[in-house]
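We number each residue from 1, following the sequence as shown. Small disclaimer: the values here were computed from a predicted structure and weren't measured.
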Amino acid sequence: MSRSRRPGPQPGAAMTSSPWILVAAGVVVMVVLLVVALGSVRGRRTFPAAGPADPVMSLPPVPMTPTAVTATGPSPVSATAAVVPGLSPRSTVLPARPTPAAPTPGPRGVTRPAPSPPPPAPPSAVTGRYSVPNAFDGGFIGEVLLVNTAGTPRGWTVRAEFPGGRLVTAWVEGAEQGVFDFADGVFTYRSGFDLAPGQSVPVRFHIERAGTRPVSCTVDGSPCAER
């Protein structure tokens with residue numbers, strides 16, 4: 001009786017029946033290639049390309065500290081460098097204003113004389129005497145009698161102050177008329193002629209809404225007398 005021979009395993013049949021073998025082999029190959037690639041990268045050295053050098057900023061020179069020679073030997077002398085505006089971060093301190101010197105008091109017990117007042121103006125050559133020839137309800141007639149006491153003809157100016165008053169008119173009795181004005185309560189009459197030596201004339205004026213006595217009365221700056 002003859003036995004039939006069983007066919008043996010064909011080459012590649014194991015791989016066909018077990019596909020995971022192919023997957024495992026592919027994984028091993030990829031791991032090997034990765035290890036080789038990492039080794040080649042580590043062994044390579046990269047040098048940076050040479051570029052332009054950074055600019056060098058020059059610093060101001062540091063002043064040398066002078067030394068002073070003493071009996072015990074040279075010793076450093078501290079010096080304060082001048083502050084350059086705009087370069088030092090510290091604030092610049094302006095010099096203080098000079099303090100005015102106080103007046104020197106005089107010695108004790110010595111009294112300085114007080115300044116003398118200005119000398120009074122010399123009396124006018126033309127004098128005046130104030131009077132009220134006539135007074136009535138609401139007003140009055142005032143008069144300044146002028147007399148030339150000089151030896152030459154003289155002009156004159158009469159001023160009388162009546163605050164709050166009102167001038168109606170003014171005139172010179174028996175002589176050439178002059179120019180008169182009334183502003184801010186001040187009556188002014190300027191001569192239209194020169195008084196001859198020893199001559200006298202009355203200047204009269206009608207004033208309303210004021211007292212009969214003026215606050216001031218002058219002839220050429222000299223006070224009038226009253227009668």
> Check whether any side-chain heavy atom of Cys217 lies under 4.5 Å from a side-chain heavy atom of Pro223, and answer yes or no.
no
> Minimum heavy-atom separation for Gly155 to Ser191, with atom names?
CA-OG, 3.8 Å
> Could you go through Phe162 and Val186, starting from their C-alpha distance and side-chain angles, then the distance that decides it, and tell me whether this counts as side chain to side chain contact (heavy atoms under 4.5 Å, CB included)?
CA-CA 6 Å; Phe162 298 94; Val186 179; over 6 Å; no
> Step by step, work out the side chain to side chain contact (heavy atoms under 4.5 Å, CB included) result for Thr127 and Thr149.
CA-CA 7 Å; Thr127 62; Thr149 60; 4.2 Å; yes
> Using only atom types and a distance under 3.5 Å, with no angle test, would you say the side chain of Ser124 pairs donor to acceptor with the backbone of Asp220?
no
> Treating Asn148 as the side-chain partner and Leu195 as the backbone partner, does any N or O pair qualify as donor plus acceptor under 3.5 Å?
yes
> Could you give me the CA-CA distance, side-chain angles and deciding distance for Phe193 and Val201, then say whether side chain to side chain contact (heavy atoms under 4.5 Å, CB included) is met?
CA-CA 11 Å; Phe193 67 98; Val201 293; 4.1 Å; yes
> Less than 4.5 Å apart, side chain to side chain, heavy atoms only: is that true for Leu167 and Phe205?
yes
> Between Leu145 and Val219, is there a shared hydrophobic cluster once you connect ILVMFWY residues whose side-chain heavy atoms come closer than 4.5 Å?
no
> Tell me whether Val144 is reachable from Val132 by hopping between hydrophobic residues (I, L, V, M, F, W, Y) whose side-chain heavy atoms are closer than 4.5 Å.
yes
> Are any side-chain N or O atoms of Thr157 and backbone N or O atoms of Arg190, one a donor and one an acceptor, separated by less than 3.5 Å?
no
> Do you know the tightest heavy-atom contact between Gly128 and Leu146?
CA-CD2, 4.3 Å
> Please determine whether a side-chain nitrogen of the Lys or Arg among Arg213 and Glu226 lies less than 4.0 Å from a carboxylate oxygen of the Asp or Glu.
yes
> Quick one: closest heavy-atom pair of Ala210 and Phe140, and the distance?
O-CE2, 3.7 Å
> Would you compute the distance between atom CD of Glu143 and atom CG of Asn134 and round it to the nearest 0.5 angstrom?
11.5 Å
> Would you say Trp156 and Asp194 make side-chain contact, with heavy atoms under 4.5 Å?
no
> Do His206 and Phe136 have ring centres separated by under 6.0 Å?
yes
> Indicate the atoms forming the closest heavy-atom contact of Phe180 with Ala170, along with that distance.
CE2-O, 3.6 Å
> Going through the checks in order, is the ring-ring contact (aromatic ring centres under 6.0 Å, His included) test met by Phe187 and Phe182?
CA-CA 4 Å; Phe187 166 70; Phe182 192 84; 7.0 Å; no
